[in-house]
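Numbers here are sequence positions counted from 1. Scope of the values below: all heavy atoms of this structure, side chains included, with no hydrogens, waters or symmetry mates. Just follow the structure's listing: the first ligand is 1, and inside any ligand the first atom is 1.
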Amino acid sequence: MGITNMNSIDQLTVTYQHKFGQMPAHIARAPGRVNLLGEHVDYNDGFVLPAAIDRATYLAFSPTDAHHSTLWAVDINQGASFTLADLSRKRQTDSTPLPEWAHYPAGVMWALQEEELFVPNINAVYSSNIPQGSGLSSSASIEMAFMVAWQTLGNWVLPPMQRALLGQKAENRYVGVNCGIMDQFASACGVANKLLLLDCRSLNWNTIPLPENISIVIADTTIRRKLTSGEYNQRRSACEEAVRLLSRDLPTIKSLRDVNLDDFNLLAGTLPVGIEKRARHVVEEIERSKQAQALLEAGDIQSFGKLMNECHASLRDLYEVSCPELNIMASTAQSIESCYGARLTGAGFGGCTVNIVDSGSVRDFVQFLSRGYESVTGISPEIYISHASNGAELLV
Ligand code: ADP
Ligand code: MG
């Protein structure tokens, strides 16, 4: 991490003063997340195992008497200004289109207004050290930071899961990205040093201590694929189609969560091959994630790591959301002895892998992985040791 948290807060405060001529009243922080197991299953009612990470969005803000909200996004050096009344038209106060990056905070304002909560105008400056589009949920962290801000200024309190659900609604219905609940959940509900196990159907969740002597390493391929939302929507449609076709024989199923592996194996031949591959990933991944809690609680990291490796192979071969660089990063890590498991994390097509590594050897691991990846791809990766952190919070 180039900048420390303290530095980034200081810089943010200075920028806020430049923009608005006074100190910000508050600072909020909302983390990104990394998912250890249960990939592409949140929208299939499955189980996910993320942790909030120590990379985050920091947001300096104050209430304002102005009749509009004013944002400044430090990392892209751009501002935007809008009122509640402008939200549905996606226009700024000067009638120009609201830039896409501003749809995330504006969407939060819109979702809160839909709930008839008080959402006063805000002056805000924000910055994040979560790489964008890398599978670590920079978008959810922005949403959850603004949730905390408006909760603070609006004088109401929502439980973190409720804030997560409204952030998801903002992203689904305002930004127009059909994401599941995992990203906002982890950013809102994170607990330091813990993994989070979420049942995406009931929304019940609990924490699992990260076993001792284990480090989470995030390895960024630095590859970013464009136009992945089409691919993502195709995967979602394939899952829905699988449910429709399987429900001819299994009339009670509502989602792939309801299909056990034995039934799936019996009926797999009735599905078109393309649909069968997508659905098999989901059914098998939900099976894997059901085993995770017991393995982690028993301290059986070897077996848990094997599930992560199987998950990567399944995302590569069945769900087909990997790319050559992610495969090289995962297989290089898997060949290093101190690594228990490695797989792509997030939606795929680029971005990061997540690795579970023996803490005693983690620095060597980072070096070997970095060199190994660079020697094959010619690309210098960004690899860092990550810590499970608390969810979105008001710092000041
Ligand atoms: P991710 O997997 O990182 O969540 P998304 O495509 O869902 O990727 O969200 C990325 C989008 O979120 C960016 O295109 C931008 O609009 C917004 N965003 C992320 N980080 C920042 C930032 N630091 N400043 C402003 N907007 C950001
Ligand atoms: Mg996102």
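- With values rounded to the nearest 0.5 angstrom, M329 atom CE is found 9.5 Å from E325 atom CD.
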Write none if no such pair exists; otherwise list each N/O atom of ligand 1 with its protein N/O partner under 3.5 Å and the distance.
unit_1	atom_1	unit_2	atom_2	d
ligand 1	3 (O)	G133	N	2.8
ligand 1	3 (O)	S138	N	3.0
ligand 1	3 (O)	S138	OG	2.6
ligand 1	4 (O)	S138	N	3.1
ligand 1	4 (O)	S139	N	3.0
ligand 1	4 (O)	S139	OG	3.0
ligand 1	7 (O)	S139	OG	3.0
ligand 1	8 (O)	G133	N	3.4
ligand 1	20 (N)	Q132	NE2	3.4
ligand 1	23 (N)	D75	OD2	2.7

Side chains of residues 183-191: which donor-acceptor partners sit under 3.5 Å, not counting sequence neighbours?
unit_1	atom_1	unit_2	atom_2	d
D183	OD1	R33	NE	2.9
D183	OD1	R33	NH2	2.9
D183	OD1	S137	OG	3.3
D183	OD2	S137	OG	3.0
Q184	NE2	E143	OE1	2.9
Q184	NE2	E171	OE1	3.3
S187	OG	P31	O	2.8

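- Residue pairs meeting the ring-ring contact (aromatic ring centres under 6.0 Å, His included) criterion with at least one member in residues 118-157, sequence neighbours excluded: Y126-F146, F146-W150.
- The aromatic rings of H103 and Y174 sit perpendicular, their planes meeting at an angle over 60°, well past the 30° parallel limit.
- Contact record, E39 with T345: OE1-CA, 3.5 Å, taken as the closest heavy-atom pair.
- The aromatic rings of H281 and Y319 sit tilted relative to each other, their planes meeting at an angle between 30° and 60°.
- No side-chain donor-acceptor contact under 3.5 Å links T13 and D10.
- Between V74 and L12 the shortest side-chain heavy-atom distance falls below 4.5 Å.
- Side-chain contact of R236 with N44: a donor-acceptor pair under 3.5 Å is absent, judged by distance alone.
- Excluding waters, the set of protein N, O or S atoms lying under 2.8 Å from the Mg ion (ligand 2) comprises S139 OG.
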